[in-house]
Every structure is written in C-alpha cells, then in structure tokens.
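Only this structure's heavy atoms are used, side chains among them; waters, hydrogens and symmetry mates stay out. Chain letters run A, B, ... following the sequence lines, proteins first, then strands; residues in each count from 1. All of these numbers come straight from a predicted model, not from anything done at the bench.
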Protein chains: 2
Amino acid sequence: MKGEKKVSNATVKRLPKYYRYLSDLHQVGISRVLSIDLGRQMEITPSQVRQDFFQFGCVGLQGYGYEVEPLMQEIGKILGLAQPNQMIIIGAGKLGRALANHPSFEKRGFKIIGMFDLNPHLIGKSVRGIEIQSMDALPEFAAGHAVDIAVITVPRMHAREAAEKVIRYGIKGIWNFASVEFEVPDDVAIEHIHLSESLMSLSYKLKEKRQALAEKLEEGYCWTYGLECGLR
Amino acid sequence: MKGEKKVSNATVKRLPKYYRYLSDLHQVGISRVLSIDLGRQMEITPSQVRQDFFQFGCVGLQGYGYEVEPLMQEIGKILGLAQPNQMIIIGAGKLGRALANHPSFEKRGFKIIGMFDLNPHLIGKSVRGIEIQSMDALPEFAAGHAVDIAVITVPRMHAREAAEKVIRYGIKGIWNFASVEFEVPDDVAIEHIHLSESLMSLSYKLKEKRQALAEKLEEGYCWTYGLECGLR
DNA sequence: TAGATTGTTAATCGATTAACAATC
DNA sequence: TAGATTGTTAATCGATTAACAATC
C-alpha cells in the first residue's frame with residue numbers, strides 16, 4: 001500500500017483555505033456546513049467542494065452537509081498538522097521578530113523553539129521568552145532538538161548561506177522570506193513568500209479595476225450615473 | 001476597442017515570476033534569453049513560455065530567442081508597473097516597519113509615502129525618513145496625496161476597521177497582512193498575504209517528503225544504500 | 001415518508017503540451 | 001544559405017461544472 005496520494009494538485013492548493021474557514025466556523029461554534037455555503041466563502045462552486053472532498057473519501061452526510069470538526073481533522077491530517085512542527089527562525093531582524101510574535105502559528109501547532117542571528121547586538125536578547133542565539137550555536141542546537149522547519153528572514157545576500165547551513169544540519173523544511181530562490185536537495189521541502197510578486201499581482205488587479213472603470217465612463221455610464229443621482 | 005484583456009488567468013499568475021527572472025537576467029547584463037532556459041527557471045515547458053508570450057503578441061525573434069529588456073517592459077506594462085504606485089502602511093508594528101525597510105519595493109516602483117498607527121508611543125518616530133502619523137491624520141493625508149495602495153499590518157482585531165477606513169478615504173488598493181478576510185467594494189483591489197496558509201502548504205510538502213522517504217526505505221532502498229556505501 | 005444534500009459519473013471547459021511551418 | 005528557435009495550430013490532459021441517483 002503506497003500511501004494514498006490521490007488528492008489532485010488543484011485540490012491540495014485549496015486545502016489550507018478550507019482548513020482556515022472550517023477552523024473559523026469551529027471557533028464560533030458552528031458544527032455543520034453545506035457545500036454551497038463553504039463554496040460561497042471559498043468562491044468556488046458547491047460542486048467543486050464536493051468533488052474535492054470526494055477525493056479523500058467523503059466525510060459528509062447526504063441530506064445533511066458536513067460535520068465541521070471531523071472534516072477539519074481530516075484535512076489537518078492530510079496537511080500534516082496532526083503532529084506539531086517545531087520551528088527556528090534564522091534572522092532576528094524586524095521581520096523575524098514580527099513572525100516570532102505572531103500568535104496564530106502556535107495555535108496551528110507551529111511552535112518556535114529557537115532564534116538565531118549574526119548581529120552581536122541582538123544575541124542574548126529575548127523575544128516572547130525565546131533567546132536569540134549566535135549562528136555558531138546552530139549546529140549544536142539542531143543536533144539536540146527535533147527542528148522541522150527553519151524560517152529564513154535574513155537579508156537577501158545572506159539567504160543562500162543560511163539555507164545551506166540549515167540543510168547541512170539536517171533540517172528538512174524551509175520557509176523562505178528572502179527574495180531569492182535556491183535549489184534544494186530532493187528531500188528538503190521549501191516554501192517561498194514572495195512579497196514583491198504579491199505586490200505585482202495587486203498592481204495588476206488595480207490596473208484592471210481602473211481600466212474597467214474608465215471603460216464604463218467612456219460608454220456613457222458617467223452620464224447615467226449623473227442621472228441616477230438626480231443630476232441632469 | 002475594449003482594451004485587450006486577452007491574457008489568460010493562468011498566464012497572468014505567472015507574469016510576476018517572469019518579471020522577476022527577467023529582471024534578474026537584466027541585472028547581470030544578459031540581454032537575450034531562450035524559451036527553454038526561461039522555462040527551466042520557471043519550472044514550466046518552453047512550449048508554455050511561448051504560448052504565454054504569444055497571448056500578448058510575441059516579442060521574440062524566430063531563431064534567436066527573446067530580448068530581455070523589451071520583454072520585461074512589456075510584462076511590466078501589463079502588470080501596471082509602468083507608472084509608480086504610492087503606498088501607505090497602516091500599522092507601524094514590527095511587520096509594518098520591516099516592510100518599510102524592505103529595499104526591493106522601491107526598485108519596482110512601489111514607494112512608501114506614509115505610515116500610520118494608533119499607538120501614541122510610535123507616533124512621531126520615523127522609519128527610513130517616513131514619520132509615523134496618528135490614524136486621525138489619515139483622512140487629510142489621503143485627500144492630499146495620490147495613495148494607490150494601503151498596506152494593512154495591524155493586528156487581526158483592528159484589520160477590518162482599518163480596511164473600512166482606507167476604502168472610505170478613496171484608496172483603491174489593499175495589501176492585507178492581517179489573517180482576516182473581508183469583502184470589499186467592486187472597485188477595490190485586494191491582495192492577501194496568508195502566512196498560515198503558506199505554512200500549512202509547507203507542512204504538507206514536508207509530510208509528503210517524509211512519506212516518500214519512508215516508502216523508499218520500506219522497499220529496501222536502505223539496504224541498497226548500504227551497499228552503495230560499501231557496507232555489507 | 002418527504003425533502004434535502006451529498007456521492008459519483010459524465011460533459012464541458014480551459015490550460016498544457018506537442019508539432020511543425022515560418023522566419024530570423 | 002543552413003541552423004536554430006519562435007509563432008501558431010492541433011492534440012492531450014486535467015480541472016471544473018452539471019446532473020442526478022443514492023441516502024440521510
């Protein structure tokens with residue numbers, strides 16, 4: 001039995017979002033949800049919701065919808081949230097410290113157990129009870145703790161080196177905030193936060209909205225709008 | 001002529017990445033690139049690269065590849081990078097200040113022209129020459145400046161209110177770092193950075209890698225590996 | 001039971017890949 | 001010119017939507 005691995009790529013991409021919405025529902029005490037309502041939130045069709053869940057053997061009740069908690073558990077399990085992940089932060093600058101302070105990671109089972117930096121002014125300080133250590137302390141720390149994920153929040157120019165180090169010390173998950181990309185060995189998982197790409201997408205959307213508006217105006221909606229407002 | 005709007009959805013999603021790679025090539029002085037090389041970097045087929053560019057009327061030379069700079073210009077134009085975007089940051093906590101310090105935004109034409117916060121301890125301080133102002137100063141500021149994008153880096157609980165404000169003051173672009181989603185009017189563009197979703201994706205990948213490894217071991221690769229290493 | 005909503009198959013749609021003629 | 005790579009159409013593949021029987 002080769003593990004299931006049946007869930008399609010497109011579905012996997014949606015799972016974190018499902019999980020978030022289900023967790024929101026759970027939090028406010030809603031215990032049942034219909035594919036149509038979940039679909040509305042996710043901005044997809046109810047059909048797609050059912051198709052998605054169908055892939056991992058539905059957890060729904062015909063005529064009744066889905067129980068929020070078991071569904072959430074199931075998705076969590078697929079996402080690997082069943083067992084907690086231990087993280088360290090490489091780079092204790094503003095971004096690194098901001099992430100260390102982020103309350104919602106721990107809630108999802110992502111626990112920060114260490115912070116590291118090159119800057120001697122930062123070493124020895126604490127963030128949320130976690131002491132910032134020298135990068136030199138990293139090998140020993142990695143050997144002594146089960147570190148699942150290294151968060152890379154160092155400046156661009158140091159990112160590659162930082163990544164090489166954490167890989168060398170046997171850490172298999174990298175969450176990269178530096179705007180560089182690097183090749184990693186086949187057994188290492190990496191996820192990039194590309195802020196400038198996100199910003200470019202926003203710029204595109206903004207441009208589209210403006211063009212849509214400009215076209216409307218051209219087509220005389222301006223006049224109609226004046227009319228609607230009682231102008232003439 | 002209704003504006004072109006021919007570029008497919010899937011292609012648009014790739015444009016920021018193309019732009020980033022092209023800009024990297026440009027920076028190191030490479031002026032020509034082949035679809036096969038660009039494809040390798042993007043992890044897509046050369047066919048897809050050509051198909052993508054075909055959609056906005058190719059800028060390539062048969063037998064020669066693509067000129068980096070004109071191609072970059074063209075994609076930049078589609079993304080709305082041709083004219084600079086002015087941004088303000090709502091929330092001058094660690095994250096807000098980290099973003100204000102980020103050097104690469106300005107390079108792409110995203111300029112931070114103001115920062116706002118509720119916290120009286122922060123008001124009056126400066127980040128990179130930008131003074132942190134009271135939220136009360138926002139309406140006047142928005143009226144007096146052409147603000148394209150508001151970056152929301154306030155805590156979750158204040159995010160909705162912040163968004164409502166910037167929308168009320170006529171800002172049409174929102175870059176949201178708070179882990180809440182909100183409905184916005186039809187003429188407002190919004191882009192979310194969902195850190196915990198990204199983290200869940202990483203968790204999924206990590207789990208997959210581990211499973212793949214475990215399967216290999218089960219299938220006896222362990223033994224083979226020992227053999228390769230000269231063990232017996 | 002009757003009503004409702006899921007489970008599941010089939011149909012449609014869009015995106016990716018393949019192929020090759022056009023042309024630099 | 002010959003060689004190479006794009007432009008562009010056609011074929012394939014995967015993802016989404018529609019539809020309805022199954023069943024709670």
Asks: Is any side-chain N or O of Q62(A) under 3.5 Å from a base N or O of dT6(C), one able to act as donor and the other as acceptor?
Replies: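 Yes.
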Asks: With a 4.0 Å limit, can you tell me whether Y66(B) has a side-chain N or O closer than that to the phosphate oxygens OP1/OP2 of dG7(D)?
Replies: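 Yes, such a contact exists.
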Asks: Round to the nearest Å and state the distance from L61(B) atom CG to dG7(D) atom P.
Replies: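 To the nearest whole Å, that distance equals 8 Å.
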Asks: Short of 4.0 Å, heavy atom to strand atom, which residues of residues 18-55 of chain B count as contacting DNA chain D?
Replies: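 Nucleic-acid contacts, sorted: L34(B), S35(B), R50(B), Q51(B), F54(B).
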Asks: How long is the line joining CZ of F56(B) and C1' of dT8(D), in whole Å?
Replies: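 Computing the F56(B):CZ to dT8(D):C1' distance gives 15 Å.
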Asks: Quickly work out the N9(B) CG to dA15(D) C1' distance and round it to whole Å.
Replies: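 The distance from CG of N9(B) to C1' of dA15(D) comes to 13 Å, rounded to the nearest Å.
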Asks: Is the ring pair F56(B)/F53(B) parallel, tilted or perpendicular, if the boundaries are 30 and 60 degrees?
Replies: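 Aromatic pair F56(B)/F53(B) classed tilted.
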Asks: Please give me the minimum heavy-atom distance between D187(A) and K172(A), naming the atom from each residue.
Replies: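 Closest heavy-atom pair between D187(A) and K172(A): OD2-NZ, 2.7 Å.
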Asks: Quick test of your reading of the model: are K17(B) and E197(A) salt-bridged, counting only N-O distances below 4.0 Å?
Replies: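 Not counted as a salt bridge, because no side-chain N and carboxylate O are separated by less than 4.0 Å.
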Asks: Test side-chain contact (heavy atoms from CB on, under 4.5 Å) on E69(B) and S31(B); report intermediate values, then the result.
Replies: CA-CA 7 Å; E69(B) 212 184 334; S31(B) 62; over 6 Å; no
Asks: Would you confirm whether the ring centroid of W175(A) sits within less than 6.0 angstrom of the ring centroid of F105(A)?
Replies: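 Yes, the ring centres sit under 6.0 Å apart.
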Asks: Given atom CG of L71(A) and atom P of dT5(C), what is their separation to the nearest angstrom?
Replies: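 Those two atoms, CG and P, are 17 Å apart.
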Asks: Does the salt bridge (Lys or Arg N to Asp or Glu O under 4.0 Å) test come out yes or no for E164(B) and R160(B), once each step is laid out?
Replies: CA-CA 6 Å; E164(B) 276 165 12; R160(B) 184 179 299 270; 5.3 Å; no
Asks: Mind checking who dT12(C) pairs with, Watson-Crick or G-U wobble, both distances under 3.5 Å?
Replies: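 WC or wobble partner is dA15(D).
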Asks: Assign each of Y64(A) and A10(A) to its nearest nucleotide of DNA chain D by heavy atoms, then name whichever residue's nucleotide is nearer the 5' end.
Replies: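 This one resolves to A10(A).
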Asks: Roughly, in whole Å, what's the span from NZ in K13(B) to P in dG14(C)?
Replies: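 Going from K13(B) (NZ) to dG14(C) (P), I get 14 Å.
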Asks: Name the pairing partner of dC20(D), where a pair is Watson-Crick or G-U wobble with both distances under 3.5 Å, or state none.
Replies: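 By the stated definition (distances under 3.5 Å), dG7(C) pairs with dC20(D).
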